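Working notes, beginning with the structure itself.
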Amino acid sequence: MTLLDQIRVVLVEPEHPGNIGAAARAMKTMGLHSLHVVNPARFPDPQADWRAAGAIKIIESATVHEKLDTAIEDCGYVVGTSARARYVPIPLVTAQEFGELLKEGIGTDLPIAILFGRETNGLSNEELQRCNRHIRIPASEDYKSLNLAMAVQVVAYEVFKSCGELKNISKQWDREYASAGDVELMTLHLEKVCDEIGYFREGRPRHAMVRFRRMFNRLELDETEVKLLRGFLNHVERSIEKPTNG
């Protein structure tokens, strides 16, 4: 399996079917074939087929999801494209730097998802919090907005340029990286335990969970590390359930 086989392009709530077809065409020119579409406004649709041109097979084999969770739950690494700065920043790379990361070896044999947001307002903060990295495509300060398919083309080009002819050269690691789904379950478990022990202040936004998510994604936890943390959280829950001695 090549690195290109691992790449999954995820279009989140695309509004126009023509952009789905154009994105599929951009993918095929760069050797990518795995397309996932989350809650599209119209798809399948003849306009998607027409814009796909020679990439109709990518359109026909695309997987449609109702929610983002199912599109990335089996992925070992998730990156999201964003043109805007965020209040709590996530580690940021350019499209070229992301290609270089792939070439060096991210360290997973699971799918690697690249998220592209809505044409009008991109990815939400909550969706970006599910990502290990953010990708920024450098653009003019006068007008930074790229068409959805153009953004897919730029990122796909950098991926192909760095990894198109290479076999998977994952970093040496003693355990497989945890999937995005497992990390999310662990994070929800942590939030539940924090509630139970009164860690969060009442009436205050839970900014701590945003930073916990950022930390976990930056660390790129492996399967054993996630199991250790879940085991620790289970132990905490058992401890607080035991009645104290008088």
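As the structure is a prediction and not an experimental result, all values here were calculated from the model. Starting from 1, each residue takes its place in the sequence as its number.
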Between the main-chain N or O of [Y] and the side-chain N or O of [X], is there a donor-acceptor pair closer than 3.5 Å?
X: Thr81; Y: Leu115; result: yes
X: Asp182; Y: Ala178; result: no
X: His36; Y: Arg8; result: no
X: Asp5; Y: Thr2; result: yes
X: His16; Y: Gly18; result: yes
X: Asn217; Y: Gln129; result: yes
X: Lys28; Y: Ile58; result: no
X: Glu97; Y: Thr94; result: yes

Spell out, yes or no, whether [X] and [Y] are grouped together once hydrophobic residues are joined by side-chain heavy atoms under 4.5 Å, including indirect joins.
X: Val183; Y: Leu110; answer: no
X: Leu92; Y: Leu128; answer: no
X: Phe232; Y: Val226; answer: yes
X: Leu219; Y: Met186; answer: yes
X: Leu148; Y: Tyr143; answer: no

How about [atom1] on [X], more than 12 heavy atoms from neighbouring residues, nucleotides or ligands closer than 6.0 Å, or not?
X: Glu66; atom1: CD; value: no
X: Phe43; atom1: CZ; value: yes
X: Met209; atom1: CE; value: yes
X: Arg130; atom1: CZ; value: yes

pair Ser34-Ile7: side-chain heavy atoms closer than 4.5 Å: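 No, too far: nothing below the 4.5 Å cut-off.
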Considering only heavy atoms from C-beta outward, does the side chain of Glu119 approach that of Asn19 to under 4.5 Å?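 Counting from C-beta outward, Glu119 and Asn19 do come under 4.5 Å.
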Given the rule in the salt bridge (charged side-chain N to carboxylate O under 4.0 Å, His left out) test, do Lys192 and Asp195 qualify, once you have shown the distances and angles that lead to the verdict? CA-CA 5 Å; Lys192 176 175 177 288; Asp195 260 335; over 6 Å; no
Taking all non-hydrogen atoms of both residues into account, name the closest pair between Gly76 and Thr108 and its distance.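 Reported closest heavy-atom pair: CA-OG1, 3.8 Å.
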Fit a plane to each ring of Tyr199 and Phe212, take the angle between them on a 0 to 90° scale, and name the class: parallel (under 30°), tilted (30 to 60°) or perpendicular (over 60°).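 Judged by the thresholds at 30° and 60°, the geometry between Tyr199 and Phe212 is tilted.
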Any salt bridge between Lys67 and Glu127, counting N to O under 4.0 Å?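 No, this pair does not count.
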Gap between atom CD of Glu225 and atom NZ of Lys227 - 0.5 Å precision: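 Output value for this atom pair is 12.0 Å.
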Out of curiosity, Leu185 CG to Leu190 CG, how far, rounded to the nearest 0.5 Å?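 Interatomic distance, Leu185 CG to Leu190 CG, rounded to 0.5 Å: 12.5 Å.
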Looking only at side-chain N and O atoms, does [Y] offer a donor or acceptor that is under 3.5 Å from a partner on [X]?
X: Glu13; Y: Asn39; value: yes
X: Glu184; Y: Thr187; value: no
X: His134; Y: Ser82; value: no

For a side chain to side chain contact (heavy atoms under 4.5 Å, CB included) with Val78, tell me which candidate from Cys131, Ser179, Pro111 qualifies.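 Going through Cys131, Ser179, Pro111 one by one, the side chain to side chain contact (heavy atoms under 4.5 Å, CB included) with Val78 is satisfied by Cys131 alone.
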